[in-house]
Amino acid sequence: MRDQRRHVTIIISALIFAILSFAGCSGGSRLPEGDTGTVKGKVTSNGKPVPDGTSIVFLHKDKGITASSAIAADGTYSLRMRRGDAILVGDYQIGVTPPTTEMTAAEADAAITGEAPAAKEWPEIPKKYQNPETSEVTFTVKAGENTFDLDMK
């Protein structure tokens with residue numbers, strides 16, 4: 001039962017990320033009107049690089065649009081929003097999404113019936129950080145260049 005709940009939690013987190021990513025990438029390349037800036041930085045976990053394939057997501061508190069970036073092996077990232085590096089200014093909630101793992105056909109069938117093996121844990125990315133709405137991490141993007149570094153503990 002506990003493994004099923006964990007698996008459902010992972011699936012829900014992945015769906016939230018997919019929805020947020022789609023919302024940030026759809027609707028053409030135009031942003032809502034307003035000033036923009038750029039955001040780059042570094043994400044670590046207790047001072048060490050996060051796993052390859054990890055992403056950072058910024059969710060605009062007022063507009064509901066997202067900016068995201070894959071995180072490089074050294075922890076650095078550079079946000080993109082709607083196919084460009086111009087990020088709408090404002091207050092953002094921040095999440096760090098673990099790498100996605102592909103399921104085999106047998107694992108996908110097992111997931112549908114609730115018999116899937118326990119989902120992979122990512123101790124480097126505490127659960128609270130995996131969703132922008134629960135991470136309690138925020139950042140205000142201002143016009144011009146911005147730097148946001150995050151060390152998850």
Participant: Just list the side-chain donor-acceptor pairs under 3.5 Å for residues 146-153, sequence neighbours left out, or say none.
Facilitator:
unit_1	atom_1	unit_2	atom_2	d
Asn146	OD1	Lys142	N	3.1
Asn146	ND2	Thr38	O	3.1
Asn146	ND2	Lys142	O	2.7
Asn146	ND2	Gly144	O	3.1
Asp149	OD1	Lys42	N	2.8
Asp151	OD1	Thr44	OG1	2.7
Asp151	OD1	Asn46	N	2.9
Asp151	OD1	Gly47	N	2.7
Asp151	OD2	Gly47	N	3.4
Asp151	OD2	Lys153	NZ	2.9

Participant: Please collect all ring-ring contact (aromatic ring centres under 6.0 Å, His included) contacts where either partner lies in residues 60-87, sequence neighbours excluded, each pair once.
Facilitator: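 Non-adjacent pairs meeting ring-ring contact (aromatic ring centres under 6.0 Å, His included): His60-Tyr92.
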
Participant: Are any of the side-chain heavy atoms of Gln130 and Ile125 separated by less than 4.5 Å?
Facilitator: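 The answer is yes; the side chains approach within 4.5 Å.
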
Participant: Please name all residues satisfying side-chain contact (heavy atoms from CB on, under 4.5 Å) with Lys128, sequence neighbours left out, ordered by chain then number.
Facilitator: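 So Lys128 forms a side-chain contact (heavy atoms from CB on, under 4.5 Å) with Glu136.
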
Participant: Going by salt bridge (charged side-chain N to carboxylate O under 4.0 Å, His left out), name the pairs with one or both residues in residues 45-67, residues two or more places apart or in two chains.
Facilitator: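 Salt bridge (charged side-chain N to carboxylate O under 4.0 Å, His left out) check on residues 45-67 returns no pairs.
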
Participant: Ile56 versus Leu79: any side-chain heavy-atom pair under 4.5 Å?
Facilitator: yes

Participant: Could you report the tightest heavy-atom contact between Leu59 and Glu133, atom names first, then the distance?
Facilitator: CD2-OE2, 3.9 Å

Participant: Looking only at non-hydrogen atoms, find the nearest pair between Pro49 and Ala73 and report the distance.
Facilitator: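 Pro49 and Ala73 have their closest heavy atoms at CB-O, 3.4 Å.
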
Participant: Sequence neighbours excluded, which residues qualify as side-chain contact (heavy atoms from CB on, under 4.5 Å) partners of Ala72?
Facilitator: Asp74, Thr76

Participant: Is the shortest side-chain heavy-atom distance between Pro51 and Pro99 below 4.5 Å?
Facilitator: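 In contact.
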
Participant: Locate the shortest heavy-atom distance separating Ser78 from Ser69; write the atom from each residue and the value.
Facilitator: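 Smallest interatomic distance, heavy atoms only, reads O-OG, 3.2 Å.
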
Participant: Once rounded to the nearest 0.5 Å, what's the spacing between atom CD1 of Ile94 and atom OH of Tyr129?
Facilitator: 11.0 Å

Participant: Without swapping roles, check the side chain of Ser135 against the backbone of Gly95 for a donor-acceptor pair under 3.5 Å.
Facilitator: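 Checking the backbone N and O of Gly95 against the side chain of Ser135, no donor-acceptor pair under 3.5 Å is found.
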
Participant: Residues two or more places apart in sequence or in another chain: which of them pass side-chain contact (heavy atoms from CB on, under 4.5 Å) with Thr36?
Facilitator: Leu31, Ala86

Participant: Can Thr66 and Phe58 be said to form a side chain to side chain contact (heavy atoms under 4.5 Å, CB included), step by step?
Facilitator: CA-CA 5 Å; Thr66 61; Phe58 280 51; over 6 Å; no

Participant: Is any side-chain heavy atom of Ser55 closer than 4.5 Å to a side-chain heavy atom of Ile71?
Facilitator: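 They are not in contact (no side-chain heavy atoms under 4.5 Å apart), so the answer is no.
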
Participant: Looking at every heavy atom in both Ala143 and Asp35, which two are closest together, and how far apart are they?
Facilitator: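 That closest heavy-atom pairing would be CB-CB, 4.4 Å.
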
Participant: Indicate the atoms forming the closest heavy-atom contact of Ile87 with Ala67, along with that distance.
Facilitator: CD1-CB, 3.9 Å

